[in-house]
Protein chains: 2
Amino acid sequence: MNYFSSDFKLGILGGGQLGKMMLTDTRKFDIQTYVLDPSNDAPCKIGSNVFVQGSLMDFDTVYNFGKQVDVLTFEIEHVNVEALEKLESEGIKVYPSPKTLKQIQNKGTQKDFYNANNIPTAPYTRFESLTALQEAVAAGQITIPFVWKSTEGGYDGNGVKVIRNSESFNGLPDVQCIAETMIPFKNELAVIVARNPKGEIKTYPVVEMEFHPEANQVEYVICPARIDDAVAQKAREIALNVSEAFNHVGLLAVEMFQTADDEILVNEVAPRPHNSGHYSIEASYTSQFEQHLRAILDLPLGNTDSKVAGIMVNLVGAEGYSGNVVYENIEKIMAQDGVTPHIYGKKQTRPFRKMGHVTIVNEDIAVARKIAEEVKNSIRVISIQ
Amino acid sequence: MNYFSSDFKLGILGGGQLGKMMLTDTRKFDIQTYVLDPSNDAPCKIGSNVFVQGSLMDFDTVYNFGKQVDVLTFEIEHVNVEALEKLESEGIKVYPSPKTLKQIQNKGTQKDFYNANNIPTAPYTRFESLTALQEAVAAGQITIPFVWKSTEGGYDGNGVKVIRNSESFNGLPDVQCIAETMIPFKNELAVIVARNPKGEIKTYPVVEMEFHPEANQVEYVICPARIDDAVAQKAREIALNVSEAFNHVGLLAVEMFQTADDEILVNEVAPRPHNSGHYSIEASYTSQFEQHLRAILDLPLGNTDSKVAGIMVNLVGAEGYSGNVVYENIEKIMAQDGVTPHIYGKKQTRPFRKMGHVTIVNEDIAVARKIAEEVKNSIRVISIQ
């Protein structure tokens, strides 16, 4: 297949920041792209060859969009899977496959899949509704505290809540959910796995994540994770097992807990480029976005090693500010060594909205960590009054 | 000044591959761009916010384009300087300035400038026409062999020829030119200097260039140059002197000869991102394209050090092929360690046309050099029959 400067067309469902960063690499390779997104103001409107405004959940919209391209991928899981199945049955290559997506879209199904495939994960119970869960708690079948997760539609900390008492239920939607045992963990880790249709498979180094305590969003992603080699090795092996169990094509970001006993438990996966891999743009031989393209186009996978240590800081909207965005002190952080801001291009900020990220690279991870903290303490995503 | 996700507009004259690679970074920073190029098929048509088709040499076209933006830069020197001067006089920031551009556009003026500023350069004589030069040769005032250079319009080896006998004059245009003494040199080197309006200034490491003997185009660019530290230090100092003499803003690529006696002679400069700096996308902490933006926007300059060694191979059209381009064996080279192709997006190839480049990065420069040669021997830019 000739992808470069040719008539080949890659379709991307979703035109947000992940799509935008993927477009950097489609442009680098001069691969034609079609992007579908509901917002006419989406980050991918610029940089794609053809931008189509439309719903990702509407069967006809997704189907008609997909019929125009040769390979179809997505940057968000909330898409119409039935349309993907029909497209695949009609010969369009859809990567990751609708089968993989269906196994992942529902967190209950995802957890069942881990159990069926002997992949270590925290114990859980599925419930058809919040009401059913509350009844189980009342009946003493589920013990507080535990973690509530809605099985569908969760994103960036939405759809996840620690239930500490009966008041914690207030405000939760009455939807299908799971109750998961709380795991006392030392670290949250992630490993990105790339796999192409030929079956070539590679893992990125283990990254370590620090979460913002309130917003439940990642605050720092640190690569390599500052953990024992043996633990890192185990995490990469488990991520490989997960990837092989799903038999997916493209990237699979595997989020994991490192328990107090250095056990590794799989938390959840995302079948696409992932926030935990943004550091790779500056730090890795092959960025996760280029790797995703290589994988879904059945090209040879690139080197997943790092050139230098990398730390990523998410730029989220400051509390108390909504409106036209301003990046306060961005010039100050750009004066620091090895600092690269990525601005996603969303005009409007609001509290905790992901507006961009900053990567800090350095040969010395301790230096990078120090600069990352200065970055974190300097830059603020606010709005013009 | 607020550049990020704001109403600020950056104008770029020229929409070729240099502009395209600059757009990668304007997108990363979400800076609005306007691009002017004569071809409706230019690489920058995608990735810019507003693309305008029009002549870069036409006063009105350039002037009217420039009036729409806040800062104006260029990726090619062949632009209407009078329009830039008028725009500058009316308050548009033009970087590099028309003054710098005028000193550089004409190679005779450029050489005079070096002499006036005590910058070492090969001896030369200016002539108003080829006829005048031929008369000087006939009169014994200029001794064969020497290097003929047209003072204007030269690019990628066009406008430069070694005159070995009277037949060498055949086919040369009867234009203003210089006759330059042939320098027996060990190496062709280049140093990119970045300078912002505040006067902050940084040099990139010295790179070493190997030219294709026939096409007079760069075949490999190697960073760092495999030369003595003292020579490298001298080359960087001379490049700094050149930059300070021009008082330019933006990037200045300074091409130099290292003579048999380790003298450094300045050959010529380009006031923009340059082929000799493409390696920086993968190898440097700050790519030359991001650095150019930082410089012209008066942002702090980024770290010019390398993370790893980098070698660039130009992808030029193979002899004997013209038409719709195909990159033969591109999948083969992508299977090699640390190899990244950049495809500029020109649909039509022709012999020696610059169609893209490949960067090879590795911790070990000797390994990178070996892979670069395999890349060079594998990939071919041909056309579909």
Side-chain angles (χ1 to χ4, degrees), chain A residues 1-6 20-21 23-24 27-33 43 46-49 200 281-283 285-286 290 294 297-303 305-308 324-327 330-347 349 355-356 361-363 384, chain B residues 1-6 20-21 23-24 27-33 43 46-49 281-283 285-286 290 294 297-303 305-308 324-327 330-349 355-356 361-363 384:
Chain A
M1 191 59 177
N2 177 23
Y3 303 114
F4 310 89
S5 296
S6 77
K20 181 191 168 191
M21 290 186 269
L23 292 181
T24 301
R27 295 295 300 137
K28 184 170 80 185
F29 291 161
D30 196 42
I31 293 169
Q32 273 192 73
T33 49
I46 296 166
S48 52
N49 293 64
E200 191 188 2
I281 298 174
E282 282 81 14
Y285 281 93
T286 314
E290 177 177 331
R294 284 176 178 246
L297 300 179
D298 212 8
L299 292 165
L301 299 181
N303 185 349
D305 292 344
S306 292
K307 301 169 193 167
V308 284
N324 290 333
V325 66
V326 176
Y327 297 90
I330 190 164
E331 300 197 15
K332 190 175 164 197
I333 69 161
M334 288 177 76
Q336 303 251 41
D337 196 17
V339 169
T340 307
H342 290 256
I343 305 298
Y344 297 156
K346 301 170 187 176
K347 298 266 175 287
T349 184
M355 301 296 288
V361 288
N362 201 287
E363 282 191 6
I384 305 170
Chain B
M1 191 58 176
N2 177 22
Y3 303 114
F4 309 90
S5 296
S6 76
K20 180 190 169 192
M21 290 186 269
L23 292 182
T24 300
R27 293 295 299 137
K28 184 170 78 184
F29 291 161
D30 195 41
I31 293 169
Q32 272 194 72
T33 48
I46 296 167
S48 51
N49 293 64
I281 298 174
E282 283 81 15
Y285 281 94
T286 313
E290 177 177 332
R294 284 175 178 247
L297 300 180
D298 211 8
L299 292 165
L301 299 181
N303 185 349
D305 292 344
S306 292
K307 300 170 194 167
V308 283
N324 290 335
V325 67
V326 176
Y327 297 90
I330 189 164
E331 299 197 16
K332 190 175 164 194
I333 69 161
M334 287 176 78
Q336 303 250 41
D337 195 17
V339 169
T340 306
H342 290 255
I343 305 299
Y344 297 156
K346 301 169 186 176
K347 296 265 175 288
Q348 303 283 316
T349 184
M355 301 297 288
V361 288
N362 201 287
E363 282 191 6
I384 306 171

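A quick note: this is a predicted structure, and the numbers were derived from the prediction, not measured. In what follows, chains carry the letters A, B, and so on, assigned in the order in which the sequence lines appear, proteins first and then strands, with residues in each chain numbered from 1.
Of the atoms belonging to A/Ser6, not a single heavy atom falls under 4.5 Å from chain B. Heavy-atom distances place the side chain of A/Thr24, and not its backbone, under 4.5 Å from chain B. Of the two parts of B/Asn2, only the side chain, counted from C-beta on, holds a non-hydrogen atom closer than 4.5 Å to a non-hydrogen atom of chain A. B/Asp305 does not touch chain A: none of its heavy atoms, backbone or side chain, sits under 4.5 Å away. Looking at A/Asn362, the atoms closer than 4.5 Å to chain B (heavy atoms on both sides) all sit in the backbone: N, CA, C or O. Both the backbone and the side chain of A/Asn49 have a heavy atom closer than 4.5 Å to some heavy atom of chain B.
Inter-residue side-chain proximity for A/Ile330 and B/Phe4 is flagged as met; some heavy-atom pair is nearer than 4.5 Å. Side chains of A/Lys28 and B/Tyr344 form no contact here, defined as non-hydrogen atoms less than 4.5 Å apart.
Residue-environment remark: NZ (A/Lys332) stays at or below the threshold of 12 foreign heavy atoms within 6.0 Å. Heavy-atom neighbours of B/Gln348 CD from other residues, nucleotides or ligands within 6.0 Å: above the threshold of 12.
For the atom pair B/Lys347 NZ and A/Ser5 OG, the distance stands at 5.0 Å (nearest 0.5 Å). One distance of note links CG of B/Asp30 with CD1 of A/Ile46; it measures 7.5 Å at 0.5 Å rounding. Taking CD1 of A/Ile31 as the reference point, atom CD1 of B/Ile343 lies at 9.0 Å (rounded to 0.5 Å).
Residue with the most contacts toward chain A among B/Asp337, B/Asn324, B/Val326: B/Asp337 (heavy-atom pairs, distance under 4.5 Å). Between chain B and the options A/Gln336, A/His342, A/Met21, A/Lys346, heavy-atom pairs under 4.5 Å are most frequent for A/His342. Ranked by heavy-atom pairs under 4.5 Å with chain B, the first of A/Gly338, A/Ala335, A/Pro341, A/Gly356 is A/Pro341.
At least one donor-acceptor pair closer than 3.5 Å links the side chain of B/Lys307 to the backbone N or O of A/Glu282. At least one donor-acceptor pair under 3.5 Å links the side chain of B/Lys20 to the backbone N or O of A/Arg27.
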(request) Using the side chain to side chain contact (heavy atoms under 4.5 Å, CB included) rule, take A/Tyr3 and B/Glu331 through it: C-alpha gap first, then chi angles, then the decisive distance, then the call. (result) CA-CA 10 Å; A/Tyr3 303 114; B/Glu331 299 197 16; 4.2 Å; yes

(message) Under the criterion side chain to side chain contact (heavy atoms under 4.5 Å, CB included), I'd like the reasoning laid out for B/Tyr285 against A/Val308: C-alpha separation, chi angles, the key distance, then a yes or no.
(response) CA-CA 10 Å; B/Tyr285 281 94; A/Val308 284; 3.5 Å; yes

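In terms of the side-chain hydrogen bond (donor to acceptor under 3.5 Å, both in side chains) criterion, residue partners of A/Arg294 (sequence neighbours excluded) are, by chain and number, A/Glu290.
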